[in-house]
Amino acid sequence: MDAISYSGKIDEKWQKKWADTGLYHFDINSDKPKIYLLEMFSYPSASKLHMGHWWNYSLPDSWGRMKRMQGYNVFHPMGFDAFGLPAENYAIKTGIHPKDSTEENIATMEQQLAKIGCTYDWDHEIKTCDPKYYKWTQWLFIQLYKHGLAYKKEALVNWCPKCNTVLANEQAAGGECERCHSTVEQRNMSQWFFKITDYAEELLRDHDKLDWPERTKSIQKNWIGRSTGTEVSFKVDGSDEVISVFTTRVDTLMGLSYIVLAPESPLARKLTKPEQSEAVEKYISEAMKKNEIERSSTSAEYEKTGVFTGSWAIHPLTGDKVQVWISDYVIASYGTGAVMAVPAHDERDFEFATKFGLPINRVITGGDGTEELPYCEKGVLINSGKYDGLDFAAAKKAMTADLAAMNMGSEKVTYRLRDWSVSRQRYWGCPIPVIYCDKCGVVPVPEDQLPVELPYDVEFMPTGESPLKSCESYVNTTCPCCGGKAKRETDTLDTFVCSSWYQLRYPENNRDDVPFGEDTVNKFMPVDKYVGGIEHAAMHLLYCRFIYKALRDMGYVKGDEPYPSLVHQGVIFGPDGFRMSKSRGNTVAPDEYVSKYGSDVFRTYLAFGFEYSSGGAWKDSGIEGISSFFRRFTRMVESYLETASNGGEMVVNAEADRVRHQTIKAVTNDVEIFHFNTAIARLMEFCTAIIKYQSGADRNAAFERTLVEDFVKMIGIFAPHYGEELWEKLGNEYSLFNQSWCVYDESKTVLDEFELAVQVCGKIKDKLTVSASASEDEIKEAALALEKVQAAIGGKPVKKVIVIKKRLVNIVV
RNA sequence: GCCGCUGUGGUGGAAUAGGCAGACACAAGGGACUUAAAAUCCCUCGCCCUUAAAGCGUACCGGUUCAAGUCCGGUCAGCGGCACCA
């Protein structure tokens, strides 16, 4: 080791040794308690690792190292989310096949990741584009199909014109393509869906079981969008059709003015009278042309539009007739695609009624004299016949009960969540294992014929249809049922399907008979700590939960949640505070710091300089401080070794031992909850304290071997190469990370705090609480203070005296 | 509009369970060592004040408590999610 500084020259030496000795090899049969530590895997990109990779991966690795040294069998695998659009788009641009570029990128990234110095066991690596892996993604699809959770339907879907593919709702939030930000169009296509809506209620309810950040749960909650209300049926005058509407404000039913249908609603055309037919057709075709943003905008420039169908609906409670309209302010896919309009108590209905001259009947009063309409608050019913005087809750109950008695309504829960659209019209993805036969219809590929391999020679140029469609050798096949001619499904699966179950595959990534061994999965699931970006809150994290629950219901896994404990890494922004991007020119490459300071200084600086779940704007002003901290510590170890070899004294003093215990306890706790910056601050303090003993009168006294060793073990968590080096310097056996450390013995907590029942005088029998650091003198001081107080207040009982360090903090009478 | 999170020095950020607010660093200023530089070490560093003491300080207002950055109620600001969702 360089006598003056750690410069990173030792990094390679230790990385090689770790690899050669298989130090991080995972023993699947170990009896030790397990920890499954997982970071969201990466997309294999051609560029070098960026700040985000180091940030995302190095710190959870420190957590894993600590757990390892605490005696856990830590499973910490890594893999690649290898299917996806960028590789395909790259192929379109350059002609390089996605498989070739992806494999090359993976090889590069593996080398790069090694430089971080993580505890990955590469024997457990998975690549989602590997047929050995996607065979089982296809297996998953088939299980879902068999259990009615995968289905195909003609549906309006989000189409990204730039990516030339369908997007899931989650990937098209706000009418914008998640990837390229193009405006998403609506297209009617036949698509595969997964029935995530079957699990809406459980996905919501089980948030209680999750140790997840509140805002992440909140994102999922909003996305699922549960709302409770009443479904009300309206008969149509002169027709057998019944219009169902969903409302959360059934209490306003007596103020009904008209009914509105979404343009896409099948009832829209059915209820249109001949004389209105032309106007309705015109309206519907125009409404369909509008995109999501135009339809959903609340701004004034998109004024409400609509058309009367000519039909009249009958109020179930009064028998009154109201007009049935069509308007695109009603969303087809939410609720029943039809609403009851009460203009007096709803802003949208009010605007619409005002424009088209429909009745506005007030039925709710706030009791505060407000006359202005619309009045959208809850209040007391008026003009509602026998319901007058009831408040919201009572009215809702009474009216729902009356409707139910007439078989014209019931309580209903509605979700905003829609089924997950998984078909993608692209090449570089997992083939959907389905065959279409003229005789037998939709036939899933038999499991013993999996995987359906993605053909290599395919024309990628985007046409709006899957490139696989042009690959005849792929498309044309025989029906597994009748042996006749049949065609393969040519769409591929959304890559989120590939990553929706990957955590189950890691432990036995090479099994060919099953996707995962039942015993193994039961032993290693759930993932104990999952780390990844919050941007996946309503996508990957929701899909994973859904798939896990579905697999549970099929009997393949136990437990309800795959990721009970989740941590989000924050984002490291450019020095200007904006997200790093090449176009903005504010990128900061880890490489330059790593080559200057070494992986360990860089890792430790990341841990110290930013708060893990917040991140922040990049700054390097403190990195020298970490470097000099390493130097200080190196000097201390050298000094210790020198003293030791000269037969120096090795007596540990009590104060040093106390500080040692406190530091271990605190650092353990800090790392446990990902407060890495605080942990390192404590290490620095500890280092300073030791150096003070060293330069003080009792030089060497504190240099008990365990003191130094404990410190090396702690610094090794953050600086693994440096830690190993020091460990070796101390003449210890390889490896530092085979050592047990900081299994903190709770019985020692008496060192920190103790309570003394002190009877200062006859009348006081209560406890005197003294902090751990209180000396004899301080206790005496407290007792003396008690006596004085006692005298001053004339013998009243004193409940408690609080002494912190040398100060009497408070006296409770 | 509804929901969630966050507000602490010049900066990053500490403060386990309600108990010395600002740990640990960065930046800044001063000093020691040195021919000089590098390296290293020491001191100062929330506001008020010449200094000390006292006082004031964790976005703002109020409450609970012997004691509040922390708990409760309200307000404001920032960030994020949902939103013509009936």
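A, B, ... follow the sequence lines: proteins, then strands. Residue 1 opens every chain.
Pairing for A21(B) is absent, with no Watson-Crick or G-U wobble pair whose two atom distances lie under 3.5 Å. Applying the Watson-Crick and G-U wobble criteria (two distances, each under 3.5 Å), C49(B) pairs with nothing in any strand. Look at A32(B): its Watson-Crick or wobble partner, with both distances under 3.5 angstrom, is U40(B). Shown here, G80(B) forms a base pair with C3(B); the pair counts as Watson-Crick or G-U wobble because both key distances fall under 3.5 Å. The partner of U75(B) is A59(B), by the rule that a Watson-Crick or G-U pair needs both atom distances under 3.5 Å.
Spacing between G69(B) and U6(B) at atom C1', rounded to whole Å, works out to 13 Å. The same atom, P, is picked in U50(B) and in C72(B); the two are 42 Å apart, to the nearest Å. Separating the C1' atom of A15(B) from that of A68(B) is a span of 13 Å, rounded to the nearest Å. Taking atom P in both C33(B) and C56(B), one finds a spacing of 43 Å when rounded to whole Å. Between C66(B) and A53(B), the distance separating the two P atoms is 30 Å to the nearest Å. Remark: the separation of the C1' atoms in A83(B) and G46(B) is 43 Å, to the nearest Å. C3(B) and C71(B) have their C1' atoms separated by 22 Å, given to the nearest Å. For the C1' atom pair drawn from U70(B) and G55(B), the interatomic distance equals 24 Å after rounding to whole Å.
If you take OH of Y329(A) and P of A86(B), they are 13 Å apart, rounded to a whole angstrom. The distance between atom CG of L417(A) and atom C1' of C85(B), rounded to the nearest whole Å, is 13 Å. With rounding to whole Å, D328(A) atom CG is found 13 Å from C85(B) atom P. To the nearest angstrom, P of G4(B) lies 14 Å from CG of L204(A). Regarding N677(A), its CG atom lies at a distance of 8 Å from the P atom of A15(B), rounded to whole Å. Rounded to an integer number of Å, the gap from H207(A) NE2 to G4(B) C1' is 12 Å. Atoms CZ (R682(A)) and P (C24(B)) sit 11 Å apart, rounded to a whole Å. Taking atom CG of D620(A) as the reference point, atom C1' of A25(B) lies 14 Å away to the nearest angstrom.
F350(A) and F352(A) have their aromatic ring centers separated by at least 6.0 angstrom. Between W618(A) and F573(A), a ring centre-to-centre spacing not shorter than 6.0 Å is recorded. In this structure, F674(A) has its ring center closer than 6.0 angstrom to the ring center of Y612(A). Between F711(A) and F633(A), the distance from one ring center to the other falls under 6.0 angstrom. Taking the centre of each ring, Y593(A) and W54(A) stay at or above the 6.0 Å mark.
Residue N222(A) places none of its side-chain N or O atoms closer than 4.0 Å to OP1 or OP2 of C2(B). At least one side-chain nitrogen or oxygen of Y334(A) sits closer than 4.0 Å to the OP1 or OP2 atom of A86(B). OP1 and OP2 of U16(B) both lie 4.0 Å or more from every side-chain N or O belonging to H675(A). Remark: R631(A) is in phosphate contact with U40(B), judged by side-chain N or O atoms under 4.0 Å from OP1 or OP2. An OP1 or OP2 oxygen of U40(B) is reached within less than 4.0 angstrom by no side-chain nitrogen or oxygen of R635(A).
Using a 4.0 Å heavy-atom cutoff across all strands shown, A666(A) reaches at least one base atom of the nucleic acid. Contact annotation for T216(A): no contact, since no heavy-atom pair falls under 4.0 Å across all strands. F608(A) comes within 4.0 angstrom of a nucleotide base, judged by non-hydrogen atoms across all strands. Among the atoms of the strands shown, only primed sugar atoms or phosphate atoms (P, OP1, OP2) are found under 4.0 Å from some heavy atom of R215(A). Within 4.0 Å of G306(A), counting heavy atoms only, lies no atom of the nucleic acid at all. Using a 4.0 Å heavy-atom distance criterion, G625(A) is classed as a sugar-phosphate-only contact. Counting any heavy atom pair closer than 4.0 Å across all strands shown, G335(A) reaches no nucleic acid atom.
Side-chain to base pairing of K304(A) with C84(B): one donor and one acceptor N or O lie within less than 3.5 Å of each other.
Cation-pi contact between R603(A) and F718(A): absent, since separation from the ring centre below 6.0 Å together with deviation from the ring axis within 45° is not met.
Side-chain contact, T197(A) with R418(A): no donor N or O sits under 3.5 Å from an acceptor N or O. A donor atom on one side chain and an acceptor atom on the other are not found under 3.5 Å apart for T414(A) and Y334(A).
Checked against A25(B), A15(B), A86(B), the side chain of R348(A) finds its nearest nucleotide in A86(B). Comparing atom distances between the T247(A) side chain and each of A86(B), A83(B), G4(B) picks out A86(B) as nearest. Of the listed nucleotides (A15(B), A86(B), U16(B)), A15(B) has the atom at the smallest distance from the side chain of T678(A). Set against A86(B), C82(B), G13(B), the side chain of E611(A) has G13(B) as its closest nucleotide.
In this structure, G9(B) shows a glycosidic angle within 90 degrees of zero, which is the syn conformation.
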